[in-house]
Each structure stands twice: as C-alpha cells, then as structure tokens.
2 protein chains.
Amino acid sequence: MGTTKSEVFSEEINELASLFKAMGHPARIAIIQFLRTQEKCICTDLVNELPLAQPTISQHLKELKNAGIIQGSVSGTSICYCLNLEKISVLDSFLASLKYDQSATCC
Amino acid sequence: MGTTKSEVFSEEINELASLFKAMGHPARIAIIQFLRTQEKCICTDLVNELPLAQPTISQHLKELKNAGIIQGSVSGTSICYCLNLEKISVLDSFLASLKYDQSATCC
DNA sequence: TTATAATATCGTAATATTGCAATATAACAA
DNA sequence: TTGTTATATTGCAATATTACGATATTATAA
C-alpha cells in the first residue's frame, strides 16, 4: 500500500490525474502564474519571486516539466521555461466537458 | 519538512492548488467521470464500478467533498453525490486565463 | 427487536511528497 | 585556467497519501 493503483485505470484517466496532480501544489500554481506574466522566464526570477529555496523551486519545475505542463529550453547559463498550452488544453477540455453536462448536478 | 508551506502563498493560490490536488488521483478522476454520466450516484455503484475496496472509495469521496468538488446529500440508506460545478468553474477559469495569454508561450 | 444493506471511520503498513543544506554541473567571463 | 553565476542533483528528515481489513454507524426491512 501507499502506492496509487494506476494499473487498474485507463491511460486517459491516469494522464488527466497526473496533470492535475502536477498542478496540485501552491508553489507550482505560483510558478505557472508567474510564467503567464513573463515574456521569458528564468529560474532566478522565480528564486527571487517565491519564498522557497532554490533546490525546492528546481524540484517543482522538474515536476511540472515531467508532467509536460512546462517546457524549458537552455539559453546560455539560464533556462527559459514556458507553459505548454497543449497540456493545459487537455485539462481545460476535461473540465469543460463536465460543465456542459447538466445531468451532472442532481443535489 | 514534508509539509507544504502554504502560509507563504496567497489564499487564491492555495485554493486553486487544493482543488487541483483533489483531482490529482486516477480514482478521483474516475469518480468524477462516473458522476458525469449518472443521473444520481450512490456509493455502491462506485464500489461496483471501480476496482477499489469500499473504504478506499469512501476516502476518495471524502477528499473530493472536502475540496468542495462534489456534494453529497443523504437519501435513505444511500447517499447521492454530485458534482459542484462552481468549483469546476474556478479551475476552468484559471486554465482558460492561461490559454488566452499568448505571451505565455516563448519556447 | 433483529437482521440487513449502505456508507463511514479507525488503525496501520507501505510508499510518496516536501523542503532544504550540501554539493555537483555547466556556461560564460576575466 | 580560475572565478562566477545559474541551475540541477543528492541525501535525508519530517510529514502526507494510499489502500484496505476490521469495525462502527445509520437507516430501513422483516
């Protein structure tokens, strides 16, 4: 126990869950919000922006990257991290599909 | 350590993160998907539908309820759980706001 | 009352996550 | 080369999550 039983669920469900999970942390939401407002984003900006240590931020960036929510391209000594709108759309479509089904609310 | 440093983030960010977190598990996505297709939903249906033990499903339902993503009303011996579209909208709006900001993609 | 059925709670083992100091790496500058 | 700056990785302690058996609760039925 302690491990999520992902084997028993469809790939689609697992993908959605891991995307949501990647966004399920305040630091990662803050990172995403900051990325939205920046033309380019390098990690140092985040270290100055967020009240977390550099290794912690690096770790959160890695998780967002693993989930595919952000992309990073090396740019000299720094790195440009950006949102991957395709993945955002996957979540957005899922949520939208819930909203447009009226029978979903019965309580 | 081991605890999320929520104190250092805004309430808005923490609320978004906890909603995303609540959806960040395949069983909970499956529950939400199942709720979407049902007129009414009682827990037994889920126990038959999902390959998880009853206490596990009950626990996941509780987490979704705590986050406000579903609502439950007692109906005799069983319980009718339903989606709370308001919370879904909170997430949906956040994601939509990311999509409509073109400067977000620079990589 | 006694049974039964539906759901919740408790307790706990296994595992995952979080945060960070220390350290490593990689690119550029002097 | 030697520094310096930006980011990543390692290791680890503290805490959280997951899954489920056992058990409790609650509502109705017999």
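Lettering follows sequence order; numbering is per chain, from 1. None of these values were measured; they are calculated from a predicted model.
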Do B/Ser78 and B/Thr44 come close enough that some side-chain heavy atom pair is under 4.5 Å?
-> no
Heavy-atom pair of closest approach, residues B/Asn14 and B/Ser6 | ND2-O, 3.0 Å
Have a look at A/Thr56 and say if it touches a base, only the backbone sugar-phosphate, or nothing, with a 4.0 Å heavy-atom cut-off.
-> base
In residues 10-33 of chain B, which residues come under 4.0 Å of DNA chain C by heavy atom?
-> none
Take nucleotides 24-30 of chain C nucleotide by nucleotide from the 5' end and write B, S or -, depending on whether a protein heavy atom sits under 4.0 Å from the base, only from the sugar-phosphate, or from neither.
-> ---SS--
Which atom names give the shortest non-hydrogen contact between B/Leu95 and A/Ile88, and what distance separates them?
-> O-CG2, 3.8 Å
Would you please classify the geometry between the A/Phe9 ring and the B/His25 ring as parallel, tilted or perpendicular, with 30° and 60° separating the classes?
-> perpendicular
Mind calculating the distance between CG (A/Leu46) and C1' (C/dC20) to the nearest angstrom?
-> 17 Å
Closest approach of A/Lys99 to B/Ser89 (non-hydrogen atoms, all atoms of both residues) | CD-OG, 3.3 Å
Ignoring hydrogens and angles, answer whether the base of C/dA8 and the side-chain atoms of B/Gln54 contain a donor-acceptor pair closer than 3.5 Å.
-> yes
So what does A/Ser78 touch, heavy atoms closer than 4.0 Å: a base, only the sugar-phosphate, or nothing?
-> sugar-phosphate
Please report, rounded to the nearest Å, how far the P atom of C/dT18 is from the CD atom of B/Glu7.
-> 14 Å
By nearest nucleotide on DNA chain C, pick out whichever of A/Gly2 and B/Ile79 is the more 5' one.
-> B/Ile79
Mind checking the CG-CG spacing from B/Leu19 to B/Leu64? Nearest 0.5 Å is all I need.
-> 10.5 Å
Whole-Å gap separating C1' (D/dC20) and NZ (A/Lys5) | 9 Å
What residue among B/His60, B/Met23, B/Glu49, B/Arg36 forms side chain to side chain contact (heavy atoms under 4.5 Å, CB included) with B/Ile31?
-> B/His60
Taking for each residue the nucleotide of DNA chain D with the nearest heavy atom, is it A/Thr4 or A/Cys43 whose nucleotide lies nearer the 5' end?
-> A/Cys43
Over 12 non-hydrogen atoms of neighbours within 6.0 angstrom of CD in B/Glu11 = no
Can you list, by residue number, the residues of residues 57-65 of chain B that have a non-hydrogen atom closer than 4.0 angstrom to DNA chain C?
-> B/Ser58, B/Lys62
Is there a donor-acceptor contact under 3.5 Å from the side chain of A/Arg28 to the main chain of A/Ala22?
-> yes
Considering only heavy side-chain atoms of B/Pro55, the closest of C/dC20, C/dT7, D/dG21 is D/dG21
Under-4.0 Å side-chain N/O to phosphate OP1/OP2 contact, B/Tyr81 with C/dA8 | yes
Drop me the distance from B/Leu61's CG to B/Leu46's CG, to the nearest 0.5 angstrom.
-> 6.0 Å
Of the nucleotides C/dT15, C/dC20, D/dT7, which one has an atom closest to the side chain of A/Thr44?
-> D/dT7
Between A/Ser18 and A/Ala67, which heavy-atom pair has the shortest distance, and what is it?
-> O-CB, 4.4 Å
Gap between atoms CG and C1', on B/Leu52 and D/dG21 respectively (whole Å) = 15 Å
Between OG1 on residue B/Thr3 and NZ on residue B/Lys5, distance to nearest 0.5 Å = 11.0 Å
